[in-house]
Amino acid sequence: MSEVRTRFSPSPTGALHLGGAHTALFNWLIARHYQGTFILRIEDTDQERSQEKFVTEILDALTWLGLNWDEGPYRQMERLPIYQDYINRLLASGAAYYCNCPPQDAKARQAAITRGEKPRYDGHCRELNLPAGPDTAVRFKTHHTGVTHWDDQIKGPIAFENLELDDLVLQRADGIPTYNFAVVVDDITMGVTHVIRGEDHIPNTPRQLLIYEALKVTPPFFAHMPLMLGKDRAKLSKRHGALSAMAYRDQGFLPQSLVNYLARLGWSHGDQEIFSREDLIKYFTLKQVTKSPGVYDEEKLLWLNSHYLKEMPAPELARELTPFLAAQGITGPDQAYLARVAPTLSARCKTLVEMAAAARFYFLDPRPYEEKAAKKFLTPAAAPTLKEIAARLASLPDVSEEALNRLFTGLAQSTGQKMASLAQPVRVALTGKTASPGLYEIIHILGREETLRRINHGIEFAARGAA
RNA sequence: GGUCCCAUCGUCUAGGGGCCUAGGACACCGCCCUCUCACGGCGGAGACACGGGUUCGAUUCCCGUUGGGACUACCA
């Protein structure tokens, strides 16, 4: 096979959401798998809704996800002369014609659908041979007979009766091309070999195929991916709380989690669930893409994220965690200290946001204590125990985890108290909570001095029943 | 409404005629580990939408039904 060229072509009318990231990933993966080229194209012909800030956001999101592009970003609005050239060819060959009918009214169209009618252009100007002029659009002269079909690389053979298609507008009255025409011209001129997009584009494909035919160009392969659905099984959208890729970053997800999750939605490689980027590039082919749509499941994404959090080396984890600490009021944390802190938290947290919150006590005084925790464990009865622990801790030669283990188990044996009744009051004094990383590792990281300070505060609280 | 797409545990999926007593993963439940919470380990519950064919034999192939979805613009 000659060079494989895929493209991702978002319209900058919103941020890059999960569905878009899914499509972008599949295109990127195919390009990388076949050592081809991944093209980025901005489809900004909708002047009304396109915004420059979304272009920036989309580029940032793709970059964050690690979906680097080899060509582009091309912008359709910068390619107007190219489309005009192709329009002229179609006009010249009689495959297109001018039309000055008023644009179809959106409301009227909806009404027609609910009435059970098919809203389609009546072909009024089809044979009128109108010249160019103001308020004049260019329409495609669709064959009324025959069948248009293709062998979809994911879905298999798909066919449409040409009679079902009407004469679509190729170029608006203002000279700007419409989607179905611009894609074809772009995919031709950019040498795209595999058009991989959501299955919501299936109905567009026969129209585009007819344009290829009129242009006498061999069409690329088409592959229509299964859509990503919300819990209600409808196409994922804002009302499902579908977030932009960047929002996932802000919620403490790692890009590798998202990439792994998105790759496994609609694609599989045997029973494997965890895929490195290299694995994905090595194994990803269209053959293993499923036909049926998949429901977005945040629990599984969360599981993947916790997996990658656990697996991440401490220094890197410290670096990733740093920006999230700011929200906790912790700025410019010592990276070496944070690199000791982070691994104690990584198995207990599913996102960086959670982890930053859980890291709080390592940097800040745990008071005020969590009310229930203090009430249950920092009781007057616990005060003597805490004092004894403080005393023994003060005279401990070193605060290694082994030494601490001996201290606590020794105390448990000599006093006959359960470990839990020894550990929990200390835990609350040190962290303000009943759940935390292991006591010995906390003490070891906090250091003897800080630990004693906090235990003493705990003793004060326990003695007088208040902070 | 019309056209098109889809159909295995709640979810993501493996399997594409006999290997299926249908496998894995998330979530769920139980047990173990244990200073708490997690991690981890072990175990459990849980699916081939329905009806016809084809075949010695269908989860797997064909048709239909049902269900779900997408599209139906001078949006992309």
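Keep in mind that the numbers below use all heavy atoms, side chains included, and drop hydrogens, waters and symmetry copies. This is a predicted model, so every value here is computed, not measured.
Rounded to whole Å, the distance from NZ on A:K291 to P on B:rC4 is 16 Å. Rounded to whole angstrom, the span from the CD atom of A:E199 across to the P atom of B:rG68 amounts to 16 Å. For the pair A:F408 CZ and B:rU34 P, the computed distance is 18 Å after rounding to whole Å. The distance between atom CG of A:N305 and atom P of B:rA38, rounded to the nearest whole Å, is 18 Å.
Ring geometry, A:W267 versus A:H269: the interplanar angle falls under 30°, so the pair is classed parallel (tilted spans 30 to 60°). Taking the six-membered ring where the residue is Trp, A:Y179 and A:H201 present tilted rings, their angle falling between 30° and 60°.
You'll find the ring centres of A:Y440 and A:F408 inside the 6.0 Å limit. For an aromatic pair to be called close, the ring centres must be under 6.0 Å apart, and A:Y296 with A:H22 fails this.
For A:R49, no side-chain nitrogen or oxygen approaches OP1 or OP2 of B:rA76 to under 4.0 Å.
In plain terms, the two heavy atoms of A:G123 and A:Y97 that are nearest each other are CA-OH, 4.4 Å.
When each of B:rC74, B:rA27, B:rC35 is scored by its nearest atom to the side-chain atoms of A:K350, the top-ranked nucleotide is B:rA27. Nearest nucleotide to the side chain of A:A347, out of B:rG2, B:rA38, B:rU11: B:rA38. In the set B:rC4, B:rC74, B:rC12, the nucleotide with an atom closest to the side chain of A:A137 is B:rC74. With B:rC71, B:rC35, B:rG24 as the candidates, the nucleotide lying closest to the side chain of A:P203 is B:rC71. You'll find that the side chain of A:K310 is closest to B:rC39, out of B:rG2, B:rC39, B:rC75. Comparing B:rG15, B:rC75, B:rC74 against the side chain of A:Q288 picks out B:rG15 as the nearest. Nearest nucleotide to the A:W303 side chain, out of B:rU11, B:rC6, B:rA25: B:rA25.
Residue-to-nucleotide contacts include a donor-acceptor pair under 3.5 Å from the side chain of A:E273 to the base of B:rG24. No hydrogens or angles were tested; on distance alone, nothing pairs the side chain of A:D297 with the base of B:rA27 as donor and acceptor under 3.5 Å. A donor-acceptor contact under 3.5 Å links the side chain of A:R348 to the base of B:rC37.
Comparing the P positions of B:rG23 and B:rG40 gives a spacing of 23 Å, expressed to the nearest Å. Atom name C1', nucleotides B:rG10 and B:rC71: the rounded distance is 29 Å, in whole Å.
Side chains of A:N88 and A:Q84: a donor-acceptor N/O pair is present below 3.5 angstrom, by distance only. Remark: the A:T205 side chain and the A:R197 side chain contain an N/O donor-acceptor pair separated by less than 3.5 Å. For A:T189 and A:R79, the side-chain atoms include at least one donor-acceptor pair closer than 3.5 Å.
Listed by residue number, the members of residues 167-175 of chain A with any heavy atom below 4.0 angstrom from RNA chain B are A:V169, A:R172, A:A173. Only A:A423, A:Q424, A:R427, A:T434, A:A435, A:S436, A:P437, A:G438, A:L439, A:Y440, listed by number, bring a heavy atom of residues 423-443 of chain A to less than 4.0 angstrom from any atom of RNA chain B.
If you check B:rA45 for Watson-Crick or wobble pairing at under 3.5 angstrom, you find it has no partner at all. Pair assignment for B:rU59: none, as no Watson-Crick or G-U wobble contacts are both less than 3.5 Å. The pairing partner recorded for B:rC4 is B:rG69, the criterion being a Watson-Crick or G-U wobble arrangement whose two distances lie under 3.5 angstrom. Figure legend. B:rC26 is base-paired to B:rG10; pairs are counted as Watson-Crick or G-U wobble with both atom distances under 3.5 Å. In a base pair of the Watson-Crick type (N1 to N3 plus N6-O4 or O6-N4) or a G-U wobble (N1-O2 and O6-N3), with each distance short of 3.5 Å, B:rA38 is matched with no nucleotide. In a base pair of the Watson-Crick type (N1 to N3 plus N6-O4 or O6-N4) or a G-U wobble (N1-O2 and O6-N3), with each distance short of 3.5 Å, B:rC20 is matched with no nucleotide.
Considering only heavy atoms from C-beta on, A:S257 comes within 4.5 Å of A:L254 through its side chain. Residues A:V341 and A:M355 have side chains not in contact (no heavy-atom distance under 4.5 Å, counting atoms from C-beta outward).
Within 4.0 Å of A:R233, counting heavy atoms only, lie sugar-phosphate atoms of the nucleic acid but no base atom.
Taking for each of A:R120 and A:Q76 the nucleotide of RNA chain B with the nearest heavy atom, the 5'-most of the two is the partner of A:R120.
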